[in-house]
Amino acid sequence: MLILKTPRLILRPFEEADLPAFAAYRSDPEVARYQSWTTPFTLEQAREFLREMEHAHPGAAGAWYQFAVERQEQAGLIGDCAFQMLAEDERQAQIGFSFSRAFHGQGYASEAVTRMVDYLFGDLGLHRVSATCDVENAASYRLLERIGMRREAHFVQNIWFKGAWGSEYAYAVLSSEWKTRGAPPG
């Protein structure tokens with residue numbers, strides 16, 4: 001069982017007990033606004049997700065692996081973060097994340113995503129990690145920039161999303177950049 005820890009968080013596989021909280025924050029229109037699912041997100045959809053995750057293997061090409069995120073000091077799901085090894089190049093992955101609004105603005109998402117990227121570069125030895133986000137999703141692109149990813153592209157009306165054309169930013173970081181982030185210049 002893959003478990004990652006930070007000073008405040010535990011990233012672990014999803015469990016049955018997570019499903020009510022998972023369905024609740026996925027049903028929040030503000031959390032779902034920039035995500036692929038629609039609201040309401042039912043408990044049955046959460047159960048189907050859990051069944052899929054029970055068969056997921058971290059690092060399987062083309063498949064998403066999703067971590068449940070909880071605080072070390074208080075059990076209970078607060079969000080999730082995920083990665084997908086690219087089917088066409090297993091040395092690269094893309095990432096995503098979503099957190100309950102009750103836990104926004106407290107640094108939990110940055111801490112969890114940073115730990116996951118550490119795992120991708122350190123344990124899995126990847127070369128590159130990327131992410132995309134809606135240009136209107138300031139919280140997400142600020143998080144990606146805060147953890148050390150660089151904006152590589154601005155795609156204008158490139159995706160038909162929830163009934164309208166949407167624009168996206170593309171972010172990435174290389175293993176060599178990740179290892180030296182925060183280091184003093186020179």
Side-chain angles (χ1 to χ4, degrees), residues 1-6 9-72 75-104 108-109 111-126 128-134 137 139-140 143-144 159-163 166 168 170-172:
M1 178 179 343
L2 178 58
I3 297 175
L4 306 176
K5 292 185 177 183
T6 74
L9 303 173
I10 299 170
L11 286 68
R12 57 164 176 75
F14 273 82
E15 304 167 348
E16 184 77 28
D18 298 324
L19 299 184
F22 183 64
Y25 72 74
R26 279 199 164 200
S27 290
D28 181 336
E30 285 303 307
V31 173
R33 181 176 179 188
Y34 303 111
Q35 300 287 359
S36 61
W37 66 82
T38 57
T39 61
F41 192 85
T42 66
L43 209 46
E44 185 49 43
Q45 287 173 293
R47 283 187 192 97
E48 177 59 30
F49 165 82
L50 179 61
R51 285 191 288 274
E52 290 172 17
M53 285 298 103
E54 287 173 342
H55 300 288
H57 300 286
W64 282 94
Y65 185 83
Q66 203 139 342
F67 290 102
V69 179
E70 71 178 1
R71 294 171 291 175
Q72 287 201 35
L77 184 70
I78 66 168
D80 61 82
C81 55
F83 69 93
Q84 178 193 39
M85 306 297 277
L86 301 186
E88 63 275 11
D89 185 348
E90 295 178 38
R91 296 164 298 175
Q92 298 187 57
Q94 63 179 332
I95 61 170
F97 46 89
S98 60
F99 280 74
S100 168
R101 271 197 299 158
F103 300 98
H104 287 188
Y108 292 128
E111 192 173 324
V113 173
T114 297
R115 179 62 185 98
M116 182 175 66
V117 175
D118 282 342
Y119 166 76
L120 295 173
F121 286 133
D123 295 64
L124 297 185
L126 297 189
R128 186 172 188 272
V129 171
S130 62
T132 58
C133 70
D134 192 291
N137 191 348
S140 285
L143 181 153
L144 296 170
I159 186 170
W160 184 254
F161 185 73
K162 296 187 177 182
E168 296 176 307
Y171 283 85

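FYI, side chains are in, hydrogens and waters are out, and symmetry mates aren't considered; it's all heavy atoms of this structure.
- When side chains are defined from C-beta on, L43 does not count as touching F22, because their heavy atoms never get closer than 4.5 Å.
- Side-chain N or O atoms of E90 include none that pairs as donor or acceptor with a backbone N or O of G59 at under 3.5 Å.
- There is no side-chain donor-acceptor pair under 3.5 Å between S98 and Q35.
- Salt bridge status for D18 with R12: present, with a side-chain N to carboxylate O gap under 4.0 Å.
- Note on ring orientation: taking the six-membered ring where Trp is involved, the planes of F83 and Y65 are tilted (angle from 30° to 60°).
- When all heavy atoms of R128 and A172 are compared, the pair lying nearest together is NH2-CB, 3.2 Å.
- In this structure, R51 does not pair ionically with E54, as no charged nitrogen and carboxylate oxygen lie closer than 4.0 Å.
- A donor-acceptor contact shorter than 3.5 Å is absent between the side chain of W37 and the backbone of A32.
- A side-chain donor-acceptor contact under 3.5 Å links S27 to the backbone of F41.
- The two residues L50 and E16 make their nearest non-hydrogen contact at CD2-OE1, 3.5 Å.
- Between the side chain of Q72 and the backbone N or O of L9, at least one donor-acceptor pair lies under 3.5 Å.
- Annotation: side chain of L77 is not in contact with side chain of E70 (no heavy-atom distance under 4.5 Å).
- In terms of heavy atoms, R33 sits closest to K162 at O-NZ, 3.8 Å.
- Looking only at distances, no side-chain donor or acceptor of Q92 sits under 3.5 Å from a matching main-chain atom of D89.
- The minimum heavy-atom distance linking L19 with R47 is given by the pair CD1-CG, 3.6 Å.
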Contacts under 3.5 angstrom, residues 112-122 side chains, donor-acceptor by atom type, not counting sequence neighbours:
from	atom 1	to	atom 2	distance (Å)
T114	OG1	S110	O	2.7
R115	NE	K5	O	3.2
D118	OD1	W178	NE1	2.6

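- Among all heavy-atom pairs drawn from F161 and S36, the shortest one is CE1-CA, 4.2 Å.
- Heavy atoms only, all atoms of each residue included: C133 and Y171 are closest at SG-CE1, 4.3 Å.
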Would you sort out whether F99 and Y108 count as a ring pair (Phe, Tyr, Trp, His ring centres under 6.0 Å), showing the intermediate values? CA-CA 9 Å; F99 280 74; Y108 292 128; 7.7 Å; no
